[in-house]
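A short worksheet on the structure shown next.
A note on names: the letters A, B, ... follow the listed sequences, proteins ahead of strands, and every chain is numbered from 1.
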Amino acid sequence: MPQLQSPLLVSVAVPCPLRRTFDYRWPSDRHPEPGQRVLVPFGNRRLVGVVVAPCASAKVDTDKLKSVIEVLDSDRPTLSPALMELGRWAANYYHHPIGECLQNMLPVRLRSAKPPQTQVTLYWQASTGASVDQLSKRAHRQRELLATLMAANAPLSGDTLREAGFTRQQLRQLAEQNLIEQASAPSPAPPPPQAPLALRDEQRSAVEAINGAQGFARFLLEGVTGSGKTEVYLQAIAAQLEQGKQALVLIPEIGLTPQTLSRVESRFPGRVASLHSGMGDSERYQNWQRAQNGDCDIVLGTRSAVFVDLPRLGLIIVDEEHDASYKQQEGWRYSARDIAVKRAADLDCPVVLASATPSLDSLHNANLGRYQTLQLTRRAAGDSPHLTLVDARQRPLKEGLDEVLLKHIADTLAAGEQVLLFLNRRGYAPQLQCHSCGWVADCHACDARMTVHFRQRHLRCHHCDAIRPLPDHCPDCHNHQWLFDGPGTEKLELFLRHHFADTLASTEVIRIDRDSTSQKGSMARLVDRVHEGKPAILVGTQMLAKGHHFPDVTLVGILDIDAGLFSPDYRAAERSGQLLVQVAGRAGRERPGRVLIQTHCPEHPALLTLVQQGYRAFASQQLSERKLLGLPPYAPCALIRADAARLDQAEAFLSAIKTALVDQGIGGQCIGPLPAPMTRRAGRYRASLILQATRRGELHRQLTLACTTGEQLKKTGGLRWSVDVDPIEAS
DNA sequence: AGCACGCCGACT
DNA sequence: GTCGGCGTGCTC
């Protein structure tokens, strides 16, 4: 009689908001491997989980355990041991449920149990001996299709043919008559790689420093706009590829402009896989697989690309490392930049954080000697633009524009050059008020004013996207005279059209914001119009500050920098400073440029420092303020957010957590609960608790206790809560 | 998070 | 008499 063997058990991370794993019986003869995806019964549902570890003894009675339904990864685990370790670390660091973290690391196609059907692009060619005459005279489209294929000297893809106006039906019919056949994908010889550019001294020493790194090394590549940061990391990548390694390049969400992609692709033809938000799940999955199989050498992607499996990864680049889009702002609030650094440490390879305006976090790390700073101070062509403050106090303003600024705009246009006006407020006007009784259009779901969108004839809330028609008279007093508060980009655009219509008939006003670029391809069309180089005024929000170069812009006007200087969020000044410098950097990359900053507080020390001494000095000043106040990056910080149907429900939940923290006396500060600055948003009330500590370990202990307490508390009013470690927003 | 179970108000 | 509201508890 064979001895009855105790069943093999595994710990599985299941995508549910619980900070633990669940044990299952293992159904197969083959040994379980961490990182394997499995289909498991969970309550009365079936979920895709990830095997974390085989386990010796279960947390509950073995006979109560359910069995894994199916092992989804047959050959090798989807998540490599290195990625499992990274996920485990990150779940711990961000105090987020491991199951949700690991699921987040998987490409969407692998989050469900369906075997991902990689849609293979079919290629077609005309069969040998096929002739148009074999088709009926009336089958015009089939004849044309066959003719097209016969004329082509290489097989054509179904996609290409459909774009040319042929249908699946026509293809099928031709195939049935054996006039055409499937072909393998033509492998076009990759174009010759573009030669590397000549490096200037600063760039050369930066490349040498990166290439000379032994094992884990952190670099802060600080280079003014136009100083050739990209060339530095392209050559660092080239050196890695020569050694048979792979490179991972992270870029901000809007930063993946066609220019960026084509620059990397033309240097390394056929070796780049890109992953960005505009991509379909299928295409993303294909590129993800290419990377995992080692079929590409470079992955270029946004935030989530930090989790792409690259078996020979030897270098990580984080471009525009200060960019807020690296921080996921919902669910698992991880920072791809910080995870990139951890990943490089695990792999023992160099990581380069690059920016013209490094974050205070990274500058602090550089000051501590954790990061080696590589500076690029020279522009490849032309000088850095000159910044001037325009004191707008007590001056007549036309739609928020000072006459001095208007004069400069007129002069610039007259010289045949382009102007960029930066106004970080979209829509026509940020509020609608009755001139007679003072009634203001409020959002019904948020503590916010509705923004007027004139052309679309509606009011919209920029916080919950609620839309109402633009009223024609005041609902309270029926008067129909309206007051529009300060201009948004839409109003500015209309004003400028009107203002310059008489003097400069040929001037174009091009608005670039979320509203004018919401349609696919519209951004590219607008950018193309700018690139025609005719005199024009570009009006836009922060979208303008990212990724695009406008060579013919010689005047930049910055219209509403004041708001950021007086925000209650201490991080707003940092963001405003970065934005200002980034926008200024759009000016005169080839021709000398000027930047006029219109302000009502020309004596503001931060603004003065920035304008007179530059970003580095501004950042140092900000850092000393943070140090004095004991704020990040000098003190690690986390935020616990809660929202519920009523404010008191959110506050009670957070108070209970605070009580637990105070009772246990585990150190660190706990501030709040504070109602969020905009307490009501999308119909729910929001509050938060701020945790601050002197050391990381202390914050970690606070969070551990906060999470165990939070998970056990009763949740009334549909209460939802979340943890945000190293938050970038105050609430 | 989902989902079931369970206990109280206005409806065919 | 039930349908359905959401408070409560559980998920190996």
Suppose we screen for side chain to side chain contact (heavy atoms under 4.5 Å, CB included). Which residues come up paired with [X], at least two apart in sequence or across chains?
X         : answer
Thr708(A) : Leu705(A)
Ala113(A) : Leu39(A), Val48(A), Leu72(A)
Ser325(A) : Pro252(A), Glu253(A), Asp323(A)
Ala340(A) : Leu250(A), Val306(A), Ile316(A), Val318(A)

Checklist entry - Which pairs, with at least one residue in residues 649-673 of chain A and sequence neighbours excluded, count as a side-chain hydrogen bond (donor to acceptor under 3.5 Å, both in side chains)? => result none
Partners meeting side-chain hydrogen bond (donor to acceptor under 3.5 Å, both in side chains) with [X] (sequence neighbours left out):
X         : result
Arg45(A)  : none
Asn293(A) : Arg76(A)
Arg575(A) : none
Arg686(A) : none

[X] [atom1] - [N] [atom2] separation (whole Å):
X         : N       : atom1 : atom2 : value
Gln712(A) : dC10(C) : CD    : P     : 12 Å
Glu711(A) : dA1(B)  : CD    : P     : 11 Å
Arg20(A)  : dA1(B)  : CZ    : P     : 17 Å
Phe22(A)  : dC12(C) : CZ    : P     : 7 Å
Leu39(A)  : dC12(C) : CG    : P     : 13 Å
Leu18(A)  : dA1(B)  : CG    : C1'   : 8 Å
Glu100(A) : dT11(C) : CD    : P     : 18 Å
Phe42(A)  : dG9(C)  : CZ    : C1'   : 13 Å

Item to check | Approximate separation, where rounding is to 0.5 Å, of Leu65(A) CG and Phe22(A) CZ | outcome: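 Output value for this atom pair is 12.0 Å.
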Next on the checklist: Over all strands shown, is Pro41(A) touching base, sugar-phosphate only, or nothing at heavy-atom distances under 4.0 angstrom?
Outcome noted: sugar-phosphate
What protein N or O atoms touch nucleotides 3-8 of chain C N or O atoms at under 3.5 angstrom, if any, and at what distances?
none

Checklist entry - Given the rule that a pair is Watson-Crick or G-U wobble with both distances under 3.5 Å, how would you write DNA chain C in dot-bracket, using | for pairs to a different strand? => result |||||||||||.
Next on the checklist: Across nucleotides 2-8 of chain B, 5' to 3', mark each nucleotide with B, S or - according to how protein heavy atoms within less than 4.0 Å reach it.
Outcome noted: SSS----
Checklist outcome for this item: On a heavy-atom basis, the closest approach of Thr78(A) and Gln292(A) is O-NE2, 2.9 Å
